[in-house]
Amino acid sequence: MKPITHSFSANRRCLAIILILTIMSLLFFSCGKTNQAKPQEITKLKAHQWYYFTHRGFYPVVLPQEAPEVAEKPWTEAVRISAAGNNTSDNCALVNRLGILDFTSGRPELFRDVMLFDNVTADTLIFTKGGPVFHLYQNTHFNQQSNGYLSTSTTEVEDSFNRPLLVRYDRTQKLCTPVLSYGNMNLPLEAQLTSIIPQEEAWIGAVKIQKKDVVNFKYITFEALDKDGSIPDASKRIIPTTDIDADTFRQAQRPIALKDAPLLLKQLFAQVPDSFEFYISCREEGKLAPVLYDNTKNQSPAGGYIAQGWGYLSPAGASALFPDGTVYITKSLLMEPKDKTTEGEASQQQNTGVPVSPSTNGVIAFRLPKLPEGFSYGEFTIQGHTLYAGWEETDFYKTARSGFISVDLSAIGKQL
């Protein structure tokens, strides 16, 4: 994702990152009316490890700027973490052009799939009952190469069924298996489903169709899940779709006001000055996809919303990360299990399904190690007591070096 799974333009995304870093430097750490101290940077705590990506895998490095230099590419074509998250049994990151980075075992493990990931953009990480699912498409403006699935049969219809659209990652088998094709959606060879908005019922998609120099967009809804929350075996059958207008698609992207967010998420920002405005893409454990929340006084017009931070909610607690490395986190996620209070074990169940208990009360802020100029943090996930966050070197819509950082939260909790 870049940085949220909806159809935001690369230009707006990069401008938003520049804007958010500027706002943060001016407002986010100011004492303001809360008299809040600047969050402590954790570099000296030595509770972290850097990693960088290549086309073959990931490797440890002392500092991101010491990773081997690579040529800049549009973000849709670069090796980078495009999404990350977890549900009750799976915890992983989607690495564009490379594969799945699985954190479930307690350490990062990369499972490459050269055939699936070559010459396509991997995006929109969704957690279904059957496991993590992501979607594939090509940005035809930057990439007009064959992905290896075309021209393998005698008819255009068969070629469409050979083009994966949704792919499931099986943690047990360590395999990525296509579960829905462009043919299942009755889309022509020249079509690209560039954006998917997963919803509890009908999903929404944006389809780009380019013939020679003519580009058209259409917007559709379709049902991708069975009633039990799993994606059915589509085989050769056609998934019914319904056309919708562009305004309906834009309205589906509208964020929810932060005041209506789950209590744990609101608690993270209780001490943040009102002058700091942002959109935050938040994943809640057990939910299908992230939700975008709005913490601005005046919403921008429908469409064009950019996630300027990423959130994480689970029964154990909550956290949020911003591109400059600022982390807000409930103290419960920094504690070893034996240190957590058991007082008031009966928790109040919120309408979101995330329990709120006394053990999650209290929020602290810290900053991940400062990145060099031109670098920023991206999506993150938490497995046990380890936080994993993507980082990348960006210039407008292009990405060069990229990787991730692992942070020992329990070590930070002991020292902070």
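Predicted, not measured: the structure shown is a model, and the values here were computed from it.
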For Asn91 and Thr381, run side-chain hydrogen bond (donor to acceptor under 3.5 Å, both in side chains): C-alpha distance rounded to whole Å, both residues' side-chain angles, the deciding distance at 0.1 Å, then the answer.
CA-CA 8 Å; Asn91 198 324; Thr381 185; 2.8 Å; yes
Is there a side-chain contact (heavy atoms from CB on, under 4.5 Å) between Asn86 and Gln383? Walk through the geometry before answering.
CA-CA 8 Å; Asn86 71 296; Gln383 174 65 32; 5.5 Å; no
Closer than 4.0 angstrom, basic N to acidic O: yes or no for Arg97 and Glu77?
yes
Is it true that the side chains of Thr140 and Gln210 contain a donor and an acceptor less than 3.5 Å apart?
yes
Partners passing salt bridge (Lys or Arg N to Asp or Glu O under 4.0 Å) against Lys174 (at least two apart in sequence or in another chain):
none
With rounding to the nearest 0.5 Å, note down the distance linking CG in Asp123 to CD1 in Ile126.
9.5 Å
Could you go step by step and tell me if Phe278 and Phe322 meet the ring-ring contact (aromatic ring centres under 6.0 Å, His included) rule?
CA-CA 10 Å; Phe278 58 89; Phe322 289 88; 5.3 Å; yes
Tyr182 ring centre to Arg163 NZ or CZ under 6.0 Å, with the angle to the axis within 45°?
yes
State the CZ-CG distance between Phe366 and Leu416, to the nearest 0.5 angstrom.
7.5 Å
Could you work out, with side-chain contact (heavy atoms from CB on, under 4.5 Å) as the rule, every residue matching Thr88, not counting sequence neighbours?
Glu285
Assess whether ring-ring contact (aromatic ring centres under 6.0 Å, His included) is satisfied between Tyr59 and Tyr52, documenting all intermediate values.
CA-CA 6 Å; Tyr59 304 91; Tyr52 70 94; 5.8 Å; yes
Could you check Tyr169 against Val133 for side-chain contact (heavy atoms from CB on, under 4.5 Å), going step by step and ending with a plain yes or no?
CA-CA 6 Å; Tyr169 170 63; Val133 172; over 6 Å; no
Taking atom CD1 of Ile204 and atom OG1 of Thr221, what is their separation to the nearest 0.5 Å?
7.0 Å
Are a donor atom and an acceptor atom from the side chains of Asp294 and Thr296 found within less than 3.5 Å of each other?
yes
Of all heavy-atom pairs linking Ala252 and Ile197, the shortest is CB-CD1, 4.1 Å
Short N-O contact, Arg367 and Glu41, less than 4.0 angstrom
no
So CG of Leu333 and OG of Ser410: to nearest 0.5 Å the spacing works out to 11.5 Å
Supply the atom-to-atom distance Asn295 CG to Leu265 CG, rounded to the nearest 0.5 angstrom.
9.5 Å
Heavy-atom distance under 4.5 Å between the side chains of Phe117 and Leu98, does that happen here?
no
Does the pair Tyr388 and Tyr51 meet the rule for a ring-ring contact (aromatic ring centres under 6.0 Å, His included), with working shown?
CA-CA 10 Å; Tyr388 298 95; Tyr51 299 91; 8.2 Å; no
CD (Gln415) and CG (Asp408) are apart, to the nearest 0.5 Å, by 9.0 Å
Where do Cys92 and Thr104 land on the side-chain contact (heavy atoms from CB on, under 4.5 Å) test, with the steps shown first?
CA-CA 7 Å; Cys92 61; Thr104 312; 5.7 Å; no
